[in-house]
Amino acid sequence: MKQHKRIVDGTTVLVNVVETPDELPALHRFLDGKPLVGVDSETTGLDIYSDGFRCRLVQFGTDDESWVVPVDKGGEFRYAARHALKNINRMVLQNASYDLQVFDRALGVPMETLWPKVIDTSILAHLTDPRGVKEGGVGLSLEDLTRHHIDPDVADEVKGLMNVLRLQHKTTKAHIWKIIPLDDPQYELYAGIDPVLAFRLYRKLMPLVPGESKNLIRQEHELAAVCSYIERTGFLLDIEYTEELSQRFRDVEEAHLWTARELGCENIFSTEQLADTLESRGHTITEFTPTGKRKVDEALLGTLAAGGDELAQAVVKAKKARKWRTTWCDRFLAGADSEGRCHASINPLQARTARMSITGIPAQTLPAGDATIRRCFLSDPGQVMASVDYQAQELRVLAALSGDQTMIRAFQRNEDLHQITADASGVDRKIGKMVNFAYVYGSGPRNIAEQGGIEVDVARKVIAGFEKKYPKVKELSQRLQKQAVATGYITTPFGRRLPVDRERPYSALNYMVQSSSRDITAQALLRLHEQGGTRFVRLPIHDEVLASVPQEKAVEAAGWIGRVMATEFKGVYIGTDPEVGGRSWGSLYGSDY
DNA sequence: CAGGTTAGCACC
DNA sequence: AAACGGTGCTAACCTG
């Protein structure tokens with residue numbers, strides 16, 4: 001057995017690396033009876049569901065000792081790691097969703113058996129301070145948390161490690177974790193340190209979680225589990241359609257790039273080159289970016305294209321085709337597993353407001369006005385797509401939080417809130433709707449004017465009309481701003497503490513509304529899970545749950561999901577709107593199939 | 001080659 | 001008096 005030593009925050013950590021099967025009983029003696037163990041894994045990459053993905057090491061640790069098990073050697077090592085995972089009382093991990101999916105997929109240990117005993121330090125960290133480093137917080141990665149809470153030198157070394165190993169082994173970032181020899185001493189050492197860091201972070205972070213947020217610890221662990229199950233299930237991709245679509249976009253792009261080249265622009269994706277060519281064609285560019293560069297955006301190109309400029313027309317079409325092909329089609333195809341399923345990565349606790357984020361299948365940012373891209377995804381065989389979203393979730397949450405009777409009554413009587421806002425100032429419904437949302441975003445007169453295509457004076461008048469019509473909303477915003485300036489944070493009814501930058505107190509209202517809305521959706525997911533609905537869920541998307549449900553009972557299933565999700569918040573009913581489509585996600589957006 | 005920043009686009 | 005909140009992804013461009 002090999003051993004390494006490293007001082008972490010003044011205490012020596014002993015890393016034991018198992019080399020032969022006869023050393024495994026010592027591992028089990030180490031773990032036996034421990035109430036809490038830090039756990040981590042090293043893998044061939046992040047693509048858990050692709051062919052050839054392997055788990056290479058599994059590491060177990062406490063505050064001053066750890067054990068590294070080379071499961072990639074197979075046989076007894078894999079068996080020992082599986083046995084250890086199953087028998088641990090409680091385990092602490094940083095971002096458990098990842099490792100648990102690895103253990104499930106690569107070692108055959110079902111996530112269901114491990115989640116009940118998991119403590120995830122990334123959850124504790126988010127509840128303590130949800131801000132990333134750029135936002136003035138300590139950050140949420142193991143590296144950032146280690147830097148702030150444990151040992152900055154260790155954090156820096158962990159950060160530099162990949163580069164060191166990459167150079168030593170003459171390879172790239174993309175390949176190093178696949179090819180690094182299992183017995184590389186630095187690899188072993190840092191693999192062994194990670195579960196120790198997770199273990200120590202737990203001790204440091206637990207007391208820092210605000211008292212009012214304690215109830216969220218359980219909620220967030222359950223939610224993380226549910227989201228990991230949704231990730232594992234994946235979303236069926238229509239590969240044939242997606243490949244064809246990709247090729248179609250490629251052809252369109254090629255044709256227009258050809259035209260652009262003939263008109264004198266080699267690379268339309270270089271804003272500088274494009275600006276030069278447009279100017280040489282007699283156009284003057286009057287807008288500039290914050291750094292003083294000529295601004296060539298869709299607004300300018302659209303105007304020029306409408307005016308008949310052939311280059312602008314070609315550029316608009318080529319850019320769209322490229323974007324749709326690379327960002328959507330090719331990405332989906334690259335991410336599909338051998339069964340044709342794409343596994344999104346859901347971070348249930350991403351934003352400062354705890355809003356979730358979805359990557360891999362960037363479901364929150366797919367084009368909504370057109371079914372083409374969503375048509376790529378299918379319900380399972382024998383099932384159809386269903387979507388259940390909350391009706392006016394954020395505005396109802398605003399009504400509930402503020403207790404504004406005008407707003408609450410409007411919702412109770414099913415009146416048109418956007419029209420009410422519009423009537424308060426004698427403007428079009430369209431402006432009323434825009435202001436309803438913009439007010440929650442903290443927009444000022446200038447911004448509202450620009451967005452609505454109205455004069456700043458009119459915007460001021462509409463804001464004043466909004467505040468007069470819904471006085472309690474204004475009161476709430478002011479109360480939150482005061483709180484934010486005085487303490488640096490606000491606390492939501494769910495017990496979540498949200499830091500507010502003192503130079504942007506107006507964002508407090510939005511944080512409150514966005515975060516409360518997120519927690520309403522989160523709790524709905526937990527209710528769905530308790531009642532056995534998770535296997536149907538494909539993705540949670542803000543105020544919506546997207547599902548694949550049995551065709552024969554689709555309407556009933558969607559209605560059931562809608563009833564489970566519907567809820568009351570501070571006396572205000574937040575209802576749902578179930579919709580049933582056909583085989584593809586696109587069918588909910590107008591596609592035939 | 002990797003990482004960060006800027007710009008632009010998509011969504012709620 | 002005024003204040004646009006949050007997210008992801010790609011490409012270009014600069015720097016170490």
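Convention: sequence-line order gives letters A, B, ...; per-chain numbering from 1. Note that this is a predicted model, so its numbers are computed, not measured.
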Exercise for the section: Measure the acute angle between the ring planes of A/H418 and A/F437, then classify it against the limits of 30° and 60° as parallel, tilted or perpendicular. Expected result: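 Answer is tilted, since the angle falls between 30° and 60°.
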Exercise for the section: Decide, applying a 5.5 Å centre-distance limit and a 30° plane-angle limit (both strict), whether A/Y506 stacks on C/dA3. Expected result: no
Exercise for the section: Flag the pair A/R261 and A/E254 as a salt bridge only when some basic side-chain nitrogen lies within less than 4.0 angstrom of an acidic carboxylate oxygen. Expected result: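 Salt bridge flag = no for A/E254 with A/R261.
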Problem - Residues A/D156, A/K159: salt bridge by 4.0 Å N-O rule - result: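 Salt bridge between A/D156 and A/K159, a charged N being under 4.0 Å from a carboxylate O: no.
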Problem - Over-ring placement of A/R538 relative to A/F377, 6.0 Å and 45° cut-offs - result: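 Pair A/R538/A/F377 does not count as cation-pi.
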Practice task
Answer yes or no for A/R396 and A/Y390: cation-pi contact, defined as NZ/CZ to six-membered ring centre under 6.0 Å and angle to ring axis within 45°.
Solution key: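 No, A/R396 does not lie over the aromatic ring of A/Y390.
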Need one value for [X]: base, sugar-phosphate or nothing, where a base atom within 4.0 Å counts as base even if backbone is also close, heavy atoms only.
| X | value |
| --- | --- |
| A/T353 | nothing |
| A/K295 | sugar-phosphate |
| A/Q350 | sugar-phosphate |
| A/R325 | nothing |
| A/A438 | nothing |
| A/V296 | sugar-phosphate |
| A/Y511 | sugar-phosphate |
| A/I358 | sugar-phosphate |

Handout entry: A/I346 backbone acceptor or donor facing A/E231 side chain under 3.5 Å
Key =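 Here the side-chain-to-backbone pair exists.
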Problem - Strand-adjacent residues in residues 470-494 of chain A, judged by heavy atoms under 4.0 Å from DNA chain C - result: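 Contacts with DNA chain C under 4.0 Å: A/Q481.
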Practice task
Record whether the side chain of A/R355 comes under 3.5 Å of the base of B/dC12 through a donor-acceptor pair of N or O atoms.
Solution key: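 Looking at the base of B/dC12, it does pair with a donor or acceptor on the side chain of A/R355 (distance under 3.5 Å).
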Considering only [options], which nucleotide approaches the side chain of [X] most closely?
| X | options | value |
| --- | --- | --- |
| A/D297 | B/dC11, C/dA2, B/dC9 | B/dC9 |
| A/T365 | C/dG6, B/dA10, C/dA3 | B/dA10 |
| A/S270 | C/dT10, C/dG6, C/dC13 | C/dC13 |
| A/R352 | C/dG5, C/dG6, C/dG8 | C/dG6 |

Practice task
Measure from CE on A/M434 to P on C/dG5 and round the result to the nearest Å.
Solution key: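 In whole Å, C/dG5 P and A/M434 CE are 16 Å from each other.
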Handout entry: Given DNA chain B, 5'-ward residue of the pair A/D543 and A/T172, judged by closest heavy atom
Key =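 Upstream on the strand: A/T172.
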Problem - CG (A/L46) with more than 12 external heavy atoms under 6.0 Å - result: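 Counting neighbours around CG of A/L46, 12 or fewer heavy atoms of other residues, nucleotides or ligands fall under 6.0 Å, so no.
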